[in-house]
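These numbers come from the heavy atoms of this one structure, side chains and all, not from hydrogens, waters or symmetry mates. Letters A, B, ... mirror the listed sequences (proteins, then strands); counts begin at 1. All of these numbers come straight from a predicted model, not from anything done at the bench.
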Number of protein chains: 2
Amino acid sequence: MAGFSRFLAVLRLFDETASAWTVPVMSDALGVPSSTVYRTVRDLVAAGFLEAANDGAYRLGPAFIEYDRLLRLTDPLVAAGRAALHEVVLQARTPCVALLSRLYNDQVMCVADEAARETPFRSSYERGRPMPLAQGATSKVILAHLPARQLNKLIGGPKDPRAAQHGALRRELVDIRKRGYCSTASEIDPGLAGIAAPVIVREAGIVASLSLVANDSMLDESQRRRLVLLVVSAASLVTEALAHTRNPPSTQARSRLVQ
Amino acid sequence: MAGFSRFLAVLRLFDETASAWTVPVMSDALGVPSSTVYRTVRDLVAAGFLEAANDGAYRLGPAFIEYDRLLRLTDPLVAAGRAALHEVVLQARTPCVALLSRLYNDQVMCVADEAARETPFRSSYERGRPMPLAQGATSKVILAHLPARQLNKLIGGPKDPRAAQHGALRRELVDIRKRGYCSTASEIDPGLAGIAAPVIVREAGIVASLSLVANDSMLDESQRRRLVLLVVSAASLVTEALAHTRNPPSTQARSRLVQ
DNA sequence: GTCAATATTCTCATTTTGTGAGAAATGAAT
DNA sequence: ATTCATTTCTCACAAAATGAGAATATTGAC
C-alpha cells in the first residue's frame with residue numbers, strides 16, 4: 001500500500017460507529033508505522049478532509065461539506081432531481097419521502113431526498129447511505145435497467161453458483177422493465193411501501209431511480225395508482241431534463257460512461 | 001507538485017462554474033502531462049471522488065455524498081446543531097433561516113442550515129459555501145471569540161499595513177464578545193438581517209456560531225429582542241450538549257485543536 | 001515551576017513509486 | 001474499414017514516500 005491508497009485507507013477507517021481515530025490506533029489498524037500515518041493525517045488535515053478533535057483524535061473534516069455542496073449544485077442528476085422531488089412530495093398529499101438514487105459501486109445510494117411535511121417516519125434510504133442492490137423498489141428499478149453485462153457482474157452471471165436463487169429476481173426485473181415502475185412493501189423498512197420509476201439517460205451514463213416511500217397501511221388501491229402515476233411522470237420529467245442538458249453526444253468515450 | 005497534491009490540484013479545478021473537465025483541459029490548466037493526469041483521474045474515479053460524464057469529461061463523484069452523510073451523522077457540532085436549528089426555526093414563528101457556521105481555513109462556512117416553512121428568501125450562507133470572515137453577524141461572532149493570536153493571523157496583526165481599517169472592526173468584536181451576540185442588517189444580503197450567538201467549546205477546538213436570518217423589514221424591536229433571546233439560548237444549549245459529549249479532556253495535543 | 005508522559009515533527013538512508021514522452025490500444029462514429 | 005479522440009501502457013529516470021528512531025513540543029500532574 002502506498003501513495004494515494006494510503007490516504008484512502010485512512011479515510012475508509014471512518015464510519016458511523018468509528019468517527020474519531022488517534023494516530024496510534026490508525027497505525028495499528030492499518031499495519032503502518034505511526035510516523036507514516038502522522039504524515040498522511042497531516043496532509044489530510046491540511047486539505048480539510050480530516051480535522052483534529054480532542055485527545056489527539058481526528059475526525060472527518062469540513063472539506064467534505066464544501067465538495068458536497070459543489071456536487072449538489074453542479075451534478076446534473078442531483079440538480080434536476082431536487083426540483084422534481086420537491087414537486088413530488090407536494091403533490092403526493094400524504095406523508096411520504098421522495099428519493100433519487102443511483103448505482104454506486106456495487107450498491108445503490110440515494111443522492112437526494114425530501115420528506116413531505118409532517119412525515120412521521122424515515123426511510124432507510126437516506127442521502128449518502130449505500131443500500132443493498134436487490135431489495136426495495138428503488139434498487140430493483142435500477143437493476144432492471146442495467147445493461148446485461150453489468151448486471152451479470154453485480155448479481156453473478158449464469159454460471160454463478162447461486163444462479164438458481166437469481167432466477168426469480170431476474171424474472172422480476174424483466175417484469176419491472178416492461179411495466180415501467182416497481183412497487184414493493186416492507187422489503188427494506190417494515191410497514192413502508194416503495195414506488196419507484198427509472199431515470200435512464202444512456203448517453204450520459206445515468207442509471208437512476210426516482211421513488212416514493214409511504215406508509216403501506218395508508219395506501220388503498222386508488223391512492224397507490226395515483227402515486228404510481230406521480231412517480232412515473234416525475235421520473236420522465238427528470239429524464240427529459242437530463243436529456244436536454246446534455247452536450248451533443250458527439251465524440252468518444254461512451255463506453256467509460258456505462259462503465 | 002507531486003503525490004497527494006496532484007490529487008488535490010485536480011479536485012480543486014472543480015467549482016460552481018467549471019463542473020466538468022476533460023483530461024486534456026486539466027492537463028493544460030495544471031501544466032502537467034496528460035498521461036499523468038489520466039492516471040490521477042483514474043485513481044480518483046476508482047475512489048468515487050470523480051466520475052465520468054459524457055464526451056470524455058469528468059465531474060465530482062458520489063463519494064462526497066457518502067462522506068458528507070458520515071460527517072453529518074458523526075460530527076459533534078453538526079449533530080448537536082441540527083436538532084437545535086430545527087427548534088429555532090419552529091419557535092421563531094416567522095419566515096427565517098437558521099444556520100450553524102464555523103471557521104474553515106480563512107473563511108467561515110455554514111455546516112448546517114434549516115429554513116422555516118414558507119420562507120420566501122434564501123440566505124447567502126448556505127451549507128458548504130465558504131463566506132467572508134468579516135461581514136455578517138454569523139462571521140463576526142466567530143471572529144469575536146477567536147484567540148488573539150489566531151485573529152491576528154486572519155485579519156492582520158498591529159503591524160499590518162491595513163491595521164487602521166481593522167481598528168473599527170476590532171472594537172466591534174470586543175463589543176460583540178461583551179454583549180454575547182451580534183445583530184446586523186444588509187451586510188451580506190440586502191434586506192436581510194442576521195442575529196448570531198457564539199458556540200464555543202475551547203477544549204474541543206470548536207469555535208462556531210448559531211444564527212438566524214430574517215427579513216429586516218419584518219422585525220420590530222420586540223420581535224428582534226425575542227429572536228435574540230431565542231438564538232442566544234439555542235446557542236448555549238448546543239454549547240452545553242457539546243461540552244458533555246466530550247471525552248475527558250485528558251492528555252495532550254490541545255494546541256493542534258485550536259490550530 | 002519542574003517533571004513525566006504523550007503527541008507530533010523531524011532526520012536520513014533506502015527503496016519504492018510516480019513521472020513523463022511517446023507508442024499502443026480501445027471503442028465509437030463515419 | 002477507417003478515422004479520430006480517449007485512454008492505457010511501456011520504460012528509463014528522477015523524485016518522493018517510507019520507516020526507525022531521535023528530537024521537539026505540549027500538556028497535566030506534582
Side-chain angles (χ1 to χ4, degrees), chain A residues 1-10 20-47 50-59 147 149-150 201-205 246-259, chain B residues 1-10 20-47 50-59 61 147 149-150 202-205 246-259:
Chain A
M1 185 201 321
F4 188 52
S5 57
R6 177 76 23 99
F7 295 92
L8 286 182
V10 168
W21 291 76
T22 67
V23 171
V25 176
M26 290 182 189
S27 167
D28 258 28
L30 299 173
V32 167
S34 54
S35 56
T36 300
V37 176
Y38 269 114
R39 267 186 302 239
T40 308
V41 166
R42 184 175 24 171
D43 289 351
L44 286 169
V45 169
L50 287 184
E51 79 176 332
N54 56 349
D55 301 328
Y58 293 86
R59 58 175 173 244
R149 201 174 316 145
Q150 203 176 355
V201 186
R202 290 224 176 284
E203 316 84 63
R246 293 289 102 220
N247 315 348
S250 60
T251 57
Q252 269 75 15
R254 202 62 65 70
S255 65
R256 289 292 126 200
L257 306 174
V258 193
Q259 168 92 272
Chain B
M1 184 204 319
F4 189 52
S5 57
R6 176 77 22 103
F7 294 92
L8 286 183
V10 168
W21 291 76
T22 67
V23 170
V25 176
M26 292 182 186
S27 165
D28 258 28
L30 299 174
V32 167
S34 54
S35 55
T36 301
V37 176
Y38 269 115
R39 265 187 302 238
T40 308
V41 167
R42 186 176 29 179
D43 288 352
L44 286 170
V45 169
L50 288 184
E51 77 175 335
N54 55 349
D55 299 330
Y58 293 87
R59 56 174 175 245
R149 199 174 316 144
Q150 203 176 354
R202 288 220 179 286
E203 316 84 63
R246 292 291 100 220
N247 315 347
S250 61
T251 57
Q252 269 73 13
R254 203 62 66 69
S255 67
R256 287 295 127 201
L257 304 175
V258 193
Q259 169 93 267

Rounded to whole angstrom units, what separation is found between the [atom1] atom of [X] and the [atom2] atom of [N]?
X        : N      : atom1 : atom2 : result
A/Tyr58  : C/dT6  : OH    : C1'   : 12 Å
B/Asp43  : D/dT7  : CG    : C1'   : 14 Å
A/Arg202 : C/dA28 : CZ    : C1'   : 16 Å
A/Asp55  : C/dA5  : CG    : P     : 18 Å
A/Phe7   : C/dT17 : CZ    : P     : 14 Å
B/Leu44  : C/dG18 : CG    : P     : 13 Å
A/Leu50  : C/dA7  : CG    : C1'   : 16 Å

Report summary line: Applying ring pair (Phe, Tyr, Trp, His ring centres under 6.0 Å) to B/Tyr38 and not counting sequence neighbours gives none
Query raised in the report: Does B/Arg6 put a side-chain nitrogen or oxygen below 4.0 Å from OP1 or OP2 of D/dA17?
Result: no
What closest approach, in Å, do [X] and [Y] show between heavy atoms, and which atom pair accounts for it?
X       : Y       : result
B/Ser34 : B/Val23 : O-CG1, 3.9 Å
A/Ala20 : A/Ala57 : CB-CB, 4.1 Å
A/Ser27 : A/Val37 : CA-CG2, 3.9 Å
B/Tyr58 : B/Ala52 : CD2-CA, 3.6 Å
A/Met26 : A/Val10 : SD-CG1, 4.1 Å

Query raised in the report: Got a second to check how far B/Phe7's CZ is from A/Asp43's CG, nearest 0.5 Å?
Result: 12.0 Å
Report task. Kindly compute the distance separating CZ (A/Phe4) from CG (B/Leu44), expressed to the nearest 0.5 Å. Result -> 4.5 Å
Query raised in the report: Given that A/Val23 and A/Phe4 both sit by DNA chain C, which one's nearest nucleotide is further toward the 5' end?
Result: A/Val23
Query raised in the report: To 10°, what angle do the rotation axes through the five end pairs on each side of the helix from C/dG1-D/dC30 to C/dT30-D/dA1 form?
Result: 50°
Report task. Could you check if a side-chain atom of A/Thr22 sits within less than 4.5 angstrom of a side-chain atom of A/Asp55, using non-hydrogen atoms only? Result -> no
Report task. Strictly below 4.0 Å, heavy-atom distances to any atom of DNA chain C: list the hits from residues 34-42 of chain B, or just say none. Result -> B/Ser35, B/Thr36, B/Arg39
